[in-house]
Every structure is written in C-alpha cells, then in structure tokens.
Protein chains: 2
Amino acid sequence: MGVAVRNMLTREEKKGQTRAALMDAALELVGKGENFASISLREVAKNAGVVPTSFYRHFRDMEELGLNIVDELGMLLRKILRAARQQEDYVTNLTRRSLVIYTQFVLEHRSHFYFLCQCRTGGTPALRSGIRHELRYFANELASDMRQFGSVERIDREDLEQICEVIVGLVADTTIDLLDLQASHTGFQEEYVAQLQKKLRLVWLGAQSWRSDRSA
Amino acid sequence: MGVAVRNMLTREEKKGQTRAALMDAALELVGKGENFASISLREVAKNAGVVPTSFYRHFRDMEELGLNIVDELGMLLRKILRAARQQEDYVTNLTRRSLVIYTQFVLEHRSHFYFLCQCRTGGTPALRSGIRHELRYFANELASDMRQFGSVERIDREDLEQICEVIVGLVADTTIDLLDLQASHTGFQEEYVAQLQKKLRLVWLGAQSWRSDRSA
DNA sequence: CTTTTCAGTGTACAAGTGTTGACTCAAAAA
DNA sequence: TTTTTGAGTCAACACTTGTACACTGAAAAG
C-alpha cells in the first residue's frame with residue numbers, strides 16, 4: 001500500500017472477492033438442493049464466474065472450502081447470540097423470542113443452514129467435527145447465560161452444559177423442517193416456533209427437577 | 001415352478017441375490033466413509049461384481065436403491081423393538097437395557113446406521129422423508145409401550161408421541177458418536193450408554209412433570 | 001421338444017471430473 | 001522507471017460418469 005486508492009480495487013481486495021464468490025457459489029448450489037458432498041470443484045468455479053484452475057488459488061479442495069463455510073457459520077451463530085442478548089427482556093423470557101430470532105436468521109441464511117443440516121451428521125469427519133465444535137461453543141454460551149439468569153442452582157456446570165447441548169441439538173434437529181416448508185404459507189414460522197418451544201419446555205421441565213448429586 | 005429344484009438357483013432367486021449384492025455394495029461404500037450422495041452407480045455395480053448396465057434391471061437410479069435401504073432400515077428398527085420387548089424386565093427398566101440392545105444393533109449394522117445418520121437430515125427430500133417416516137413409526141411404538149407400562153396418565157396421546165419423538169431424535173442424534181468411536185476401546189460402548197441415558201433421564205424428568213392441560 | 005422371457009454382458013459415446021503446466025498482464029515492489 | 005509477483009486464463013491429460021443399444025444364453029413357459 002502507498003499509492004492513492006482511486007476507485008479501483010487493490011489486489012487482495014479482488015482476491016477476497018472471488019474467494020467469497022466461490023464460497024457463495026457452493027452455498028447457492030447447496031441451497032438449490034444439491035448435496036455438498038456431491039458438488040464438484042468445476043461446478044463451483046463455473047457458478048462463481050471463474051475458470052476451474054483458479055479455484056486452487058484459494059482452496060486446496062472442496063473440503064477446505066467447506067471448512068471455511070463452517071467458520072462463516074460460526075460467526076453467524078455468534079451473531080444470533082448477540083441479537084438474542086440484545087432483547088430487553090432476554091433475562092425473563094429466554095426461550096420464546098430467542099427462537100423467533102433464530103428462525104429469522106435461518107430463513108435469511110437458508111443456504112448456510114442447509115449446509116449445517118447436511119454436514120452435521122453427514123459430512124466428512126473434518127466437517128462434522130468442525131460443525132460440532134461450533135454448536136458446542138454455542139451451547140456453552142447458552143449455558144453461561146442460563147447460569148446468570150435462569151434458576152439453575154441445583155445443576156453443576158458440567159450437567160448444565162450437557163443440558164444445553166441437548167437443547168441445541170433439538171433446535172438443530174428441527175431446523176431442516178423449517179427450511180423445507182419454504183415460502184409455502186407464511187404462518188408456518190409461528191407454528192414451527194410453537195412446536196419447538198413445546199419440545200424445549202419438556203427439557204426445561206426436566207432441568208427444573210434435575211439434581212446434580214445422585215445422577216451420574 | 002414345477003421342475004425339481006436340484007441344487008441350482010431359480011431365476012428370481014438369482015435376481016434377488018444380485019439385487020441384494022447391489023444394496024450391500026452401496027452400504028459397504030457408505031460404511032467405508034463415502035457419502036451416499038456421491039456414490040456412483042458404476043462404483044456400486046463394480047463393487048457388487050456386476051456390469052454397470054445390469055444395475056438398471058433392479059433400480060431406476062441410486063435414489064431408488066436408497067429408498068430400498070430405508071426399507072431395510074425400517075425392518076431393522078422393528079427388529080430392535082421386538083428384541084427390547086423380549087426382555088423380561090422391559091416393563092420396569094425401559095431405558096437402560098434397551099439402550100444396550102440398541103447400541104449392539106448399531107454396531108452390528110454399522111453401515112445401515114451410517115446411512116441413517118447421513119440421510120436423515122442430509123439426503124434428498126425423498127430419502128429424508130422416508131427415514132423420518134420410519135423413525136416416527138418407531139417413536140409411536142415406543143409411545144404405546146410407555147402408555148402401557150410407564151406412568152404417563154397426565155399426558156395425552158399427542159403429547160406423548162411428541163415426547164417420544166424427542167427421545168428418538170436424541171438417540172438418532174448421538175448415534176454418529178457411537179459409530180465414530182469404532183473399535184478404539186471397547187469400554188466406550190458403556191460410556192456412550194451412560195451419557196445417552198443421562199440425556200434421556202432429563203427428558204424423562206420433564207415428562208414426569210408434564211401436564212397436557214395448559215401447555216399448548 | 002420349441003419358443004419366449006429377461007438378467008447379465010460388451011461396446012460405445014458424449015459429458016463431466018480433478019489436476020498438470022505454461023501463459024498473460026496488471027498491480028505491487030524495487 | 002524497471003522488475004517481480006501472483007490471480008486468473010487456456011489447453012490438454014487421463015479418467016469417471018450415466019445411459020443407449022444390440023447381444024447372449026439359460027431358465028421358464030408353451
């Protein structure tokens with residue numbers, strides 16, 4: 001750097017741009033219903049408006065691209081946490097409105113969450129553990145929030161984290177339903193939230209009568 | 001039919017035999033870590049010791065083969081139910097030993113359950129809904145057992161079925177963990193059961209304090 | 001017996017795959 | 001200014017993919 005910027009793009013800006021185009025192209029294909037595992041490097045390159053060999057300037061192979069998508073996904077999840085915490089009544093009403101926020105994020109980033117559903121239990125080992133890692137982080141953050149705001153005195157840290165993993169697993173598990181029922185009827189989003197909330201209440205009830213002594 | 005059977009195979013026996021060989025070949029590839037979505041017709045045919053074009057005598061395409069695997073999977077699940085019910089203490093001790101039986105079935109049919117994990121949320125719509133259908137059936141059977149043997153008077157039918165779907169989802173969700181930790185150390189199976197049982201206890205506690213009035 | 005049926009074979013093709021190496025040519029560095 | 005760097009291009013490779021078509025030959029039907 002040193003020369004005046006003009007309105008042209010610097011070299012690494014341009015690089016980052018096509019890099020993003022490649023990732024977006026892959027995600028778009030996933031969003032269209034293709035399975036990430038069966039998407040070819042060439043297909044991605046073509047969709048990004050780039051020659052196949054150019055792919056290698058950015059990723060070793062499709063799996064490495066996938067791992068970068070996982071990172072994006074992690075950032076997205078943290079963004080959801082931030083948004084949820086920003087509610088003024090987050091403390092008292094932890095579930096209901098947070099779920100609405102979650103569903104909004106999901107529907108605004110369909111492709112990312114299709115990817116999540118596909119790879120969480122179906123991807124290569126590396127992708128799987130990457131996603132698992134992000135979800136565990138999410139669950140632990142949730143646990144620390146519940147420790148502050150919820151009434152969970154009788155539950156020790158380890159148990160609470162495990163409970164939150166169950167919750168996160170439940171949410172992730174039902175996400176595919178939300179994605180499938182696309183723009184069919186708009187009222188479905190509320191229906192989905194209600195049904196999911198019901199399941200979460202079950203877990204919550206369980207947590208209420210949980211004692212960390214005499215359990216393991 | 002009419003001629004003496006000799007020790008040769010009849011035509012449709014032989015047909016069913018290669019048909020099974022094709023399905024087994026696909027499952028074997030899944031068990032080796034390949035994703036079902038990216039397995040080719042030719043690969044399956046070669047692995048089954050059959051020429052590619054012969055595939056079409058049995059299945060229109062890989063998806064149709066997949067749907068037949070789903071059927072096999074359904075039969076397997078029903079076999080698990082039968083085995084679990086055959087325990088003399090099934091009534092009182094519904095969870096613990098049933099889980100052991102489940103894990104045994106999983107480890108004896110690794111490929112089928114890899115397939116399950118891959119396709120439950122990551123497969124094509126048809127495969128997904130097929131698997132979902134089988135799991136729902138399983139959950140409903142479980143619900144009817146619980147109605148008979150458990151203390152679930154305060155839970156109406158619909159709620160109980162939903163609770164069982166949560167349980168089944170939880171089990172399915174953790175199955176990938178069981179499969180990943182292969183023959184590494186044998187004691188892991190018990191560890192897995194313990195951890196899963198803990199999660200199920202959480203749901204069970206929740207069910208205990210569930211009231212179907214004032215909930216939806 | 002003769003005839004029909006049909007699972008499995010062999011060949012062929014057009015299209016797509018990952019990866020190679022040598023090439024441009026503009027931005028960045030000297 | 002000149003030199004260097006490196007993202008993107010182009011052409012070519014060896015290989016795999018799904019599918020079509022004509023075939024064989026033994027089991028089943030007549």
Side-chain angles (χ1 to χ4, degrees), chain A residues 1-26 28-30 32-68 123-124 126-127, chain B residues 1-26 28-30 32-68 123-124 126-127:
Chain A
M1 277 192 259
V3 189
V5 198
R6 289 170 158 275
N7 58 2
M8 281 297 268
L9 308 91
T10 159
R11 190 132 90 169
E12 61 181 330
E13 277 175 339
K14 217 166 162 55
K15 176 168 185 181
Q17 202 167 290
T18 59
R19 184 191 151 94
L22 285 166
M23 291 174 63
D24 288 352
E28 193 187 324
L29 290 168
V30 169
K32 280 201 193 328
E34 284 201 64
N35 191 314
F36 182 79
S38 70
I39 295 177
S40 70
L41 177 157
R42 285 179 109 104
E43 212 176 343
V44 170
K46 189 199 292 181
N47 228 262
V50 149
V51 97
T53 47
S54 209
F55 182 96
Y56 295 110
R57 302 279 181 209
H58 304 272
F59 310 102
R60 191 203 308 277
D61 50 28
M62 281 298 291
E63 168 147 297
E64 192 174 301
L65 183 145
L67 288 172
N68 280 274
T124 66
L127 280 176
Chain B
M1 275 191 259
V3 190
V5 197
R6 290 169 157 277
N7 57 2
M8 282 297 267
L9 307 94
T10 158
R11 190 134 87 169
E12 61 181 331
E13 276 175 338
K14 217 167 163 52
K15 176 168 184 179
Q17 202 166 290
T18 58
R19 183 191 150 96
L22 286 167
M23 290 174 63
D24 288 352
E28 194 188 323
L29 290 168
V30 169
K32 279 202 195 327
E34 283 201 63
N35 191 314
F36 182 78
S38 69
I39 295 176
S40 69
L41 178 158
R42 287 178 107 105
E43 214 175 342
V44 170
K46 189 199 292 181
N47 228 263
V50 148
V51 97
T53 47
S54 209
F55 182 95
Y56 295 110
R57 302 277 181 211
H58 305 272
F59 310 102
R60 189 203 311 275
D61 49 29
M62 281 298 290
E63 167 145 297
E64 191 173 301
L65 182 146
L67 288 171
N68 279 274
T124 66
L127 281 176

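Chain A is the first sequence line, chain B the second, and so forth, proteins listed ahead of strands; every chain is numbered from 1.
One can find a donor-acceptor pair under 3.5 Å joining the base of dG10(C) and the side-chain atoms of T53(B). Residue-to-nucleotide contacts include no donor-acceptor pair under 3.5 Å from the side chain of R42(A) to the base of dG16(C).
Looking at E64(B), its side chain never comes within 3.5 Å of a backbone N or O of D61(B) through a donor-acceptor pair.
Here the side chains of R57(B) and T18(B) are not in contact, with every heavy-atom distance at 4.5 Å or above. In this structure, the side chains of R42(A) and F55(A) stay at 4.5 Å or more apart for every pair of heavy atoms.
Summarising the geometry, atom OG belonging to S40(A) is positioned 8.0 Å from atom NZ belonging to K46(A); distances are rounded to the nearest 0.5 Å. Atom OG1 in T124(B) sits 3.5 Å away from atom CD in E63(B) (nearest 0.5 Å).
Contact annotation: K15(A) reaches the phosphate of dA7(D) (side-chain N/O to OP1 or OP2, under 4.0 Å). Close to dA28(D), at under 4.0 Å from its OP1 or OP2, lies a side-chain N or O of T10(B).
One interatomic measurement links the two molecules: CD of E34(B) to C1' of dT16(D), which rounds to 13 Å at whole-angstrom precision. Taking atom CZ on R57(B) and atom P on dT19(D), their separation rounds to 15 Å, with Å as the unit. Taking atom CG of residue N47(B) and atom P of nucleotide dT17(D), one finds them 12 Å apart after rounding to whole Å. In this structure, CZ of R60(B) is placed 16 Å from P of dG18(D), rounded to the nearest angstrom. Between the CZ atom of F59(B) and the P atom of dG18(D) there is a distance of 15 Å, given to the nearest Å. Rounded to a whole Å, the CD atom of E43(B) is 10 Å from the C1' atom of dT16(D). If you measure from atom CZ of F55(A) to atom P of dG18(C), you get 9 Å, rounded to the nearest angstrom. Following rounding to the nearest Å, M62(A) (CE) and dG16(C) (P) show an atom-to-atom distance of 17 Å.
Take the nearest nucleotide of DNA chain C for D61(A) and for V51(B): the residue whose nucleotide is more 5' is V51(B). The 5' end of DNA chain D is approached more closely, in terms of each residue's nearest nucleotide, by R11(A) than by the other of R11(A) and Y56(B).
The T18(B) side chain lies nearest to dA7(C) when the options are dA7(C), dT9(D), dT17(D). With dG18(D), dT9(D), dG8(C) as the choices, the nucleotide that has an atom nearest any side-chain atom of H58(B) turns out to be dG8(C).
S40(A) comes within contact range of the sugar-phosphate backbone alone, with a heavy-atom separation under 4.0 Å but no base atom that close.
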